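Sequential numbering from 1 along the given sequence is applied to the chain's residues. Owing to the predicted nature of the structure, the values given are computational and were not obtained by experimental measurement.
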Amino acid sequence: MDRINRMVLERPVVIFSRSSCCMCHTVKMLFREFGVNPVVHELDEIPRGQEIEQALSRLGRSPTVPAVFIGGELVGGINEVTSLHLNRSLTTCRTQANNKRDFEPQEF
């Protein structure tokens with residue numbers, strides 16, 4: 001869990017993904033269309049990715065990916081991100097994360 005905590009504090013938006021997952025691809029594209037350059041950890045391509053995926057499942061993530069963290073907080077997966085987007089709350093979340101984390105706007 002400590003490793004995940006460190007990883008999600010790298011940038012305002014962090015996504016845990018699998019390279020072959022279409023829902024993960026959709027979430028990544030949504031953020032990129034907003035001009036956000038999230039840190040993406042492809043769990044099937046990184047060392048100890050399986051351990052990270054198991055830790056995500058202990059956080060209650062089912063399925064474990066995509067797992068989106070904004071401002072160090074778990075937002076959820078495709079359903080939660082889509083819901084935020086449709087409610088026009090995704091922009092608010094990323095702005096709050098940017099302010100909370102004290103990042104420069106161009107990083108977000």
Side-chain angles (χ1 to χ4, degrees):
M1 291 303 261
D2 288 338
R3 183 172 184 191
I4 289 177
N5 289 334
R6 285 191 307 274
M7 294 170 87
V8 302
L9 293 175
E10 290 177 6
R11 295 281 297 270
V13 179
V14 177
I15 301 172
F16 291 94
S17 174
R18 287 189 152 277
S19 59
S20 60
C21 171
C22 63
M23 292 300 124
C24 296
H25 176 75
T26 300
V27 166
K28 292 181 285 190
M29 292 306 299
L30 176 64
F31 279 99
R32 289 183 179 129
E33 286 176 9
F34 270 116
V36 175
N37 187 20
V39 169
V40 177
H41 298 286
E42 300 289 357
L43 299 179
D44 56 333
E45 296 178 353
I46 62 173
R48 301 178 70 190
Q50 190 172 28
E51 291 176 31
I52 295 168
E53 194 162 356
Q54 289 170 352
L56 289 170
S57 71
R58 288 191 296 274
L59 288 175
R61 295 288 312 129
S62 180
T64 54
V65 293
V68 177
F69 290 79
I70 299 177
E73 301 291 325
L74 176 62
V75 171
I78 186 74
N79 291 338
E80 294 82 6
V81 170
T82 302
S83 179
L84 287 170
H85 176 56
L86 293 174
N87 291 329
R88 300 177 189 256
S89 301
L90 195 55
T91 304
T92 303
C93 286
R94 67 187 192 136
T95 301
Q96 289 172 346
N98 193 40
N99 292 338
K100 176 180 173 185
R101 299 286 311 287
D102 200 29
F103 281 90
E104 295 297 319
Q106 66 267 19
E107 289 186 18
F108 210 106

Report task. Give a yes or no on this: more than 12 heavy atoms of other residues, nucleotides or ligands lie within 6.0 Å of atom CD of E45. Result -> yes
Report task. Hey, could you give me the NE2/CD1 distance between H41 and I4, rounded to the nearest 0.5 Å? Result -> 10.0 Å
Query raised in the report: What closest approach, in Å, do N5 and V8 show between heavy atoms, and which atom pair accounts for it?
Result: O-CG2, 3.4 Å
Query - Nearest atoms (heavy-atom pairs only) where V27 meets I15 - result: CG1-CD1, 3.9 Å
Query raised in the report: If you take all heavy atoms of S20 and D44, which pair is closest and at what distance?
Result: N-OD2, 4.2 Å
**Report entry** Interatomic spacing from CG in L84 to CG in N79 - rounded to 0.5 Å
**Finding:** 11.0 Å
Report task. Ignoring hydrogens and angles, tell me if any N or O in the side chain of E42 forms a donor-acceptor pair with the backbone of S19 under 3.5 Å. Result -> yes
Requested in this report: Can you run down the side-chain hydrogen bond (donor to acceptor under 3.5 Å, both in side chains) pairs that involve residues 55-72, sequence neighbours left out, and say none if there aren't any?
Outcome: E53-T64
Report task. Give a yes or no answer on whether the side chain of E33 reaches the backbone of L30 with a donor-acceptor pair at less than 3.5 Å. Result -> no
Report summary line: Those residues at least two apart in sequence (or on a different chain) that pass side chain to side chain donor-acceptor pair (under 3.5 Å) with E51 are R48
**Report entry** With F69 via ring-ring contact (aromatic ring centres under 6.0 Å, His included) - residues at least two apart
**Finding:** F16
**Report entry** Close side-chain approach of V40 and K28, heavy atoms under 4.5 Å
**Finding:** yes
Query raised in the report: Of all heavy-atom pairs between P66 and C24, which one has the smallest distance, and what is that distance?
Result: N-SG, 3.6 Å
Requested in this report: Might you point out which heavy atoms bring R11 and V39 nearest each other, and give the distance in Å?
Outcome: CG-CG2, 3.1 Å
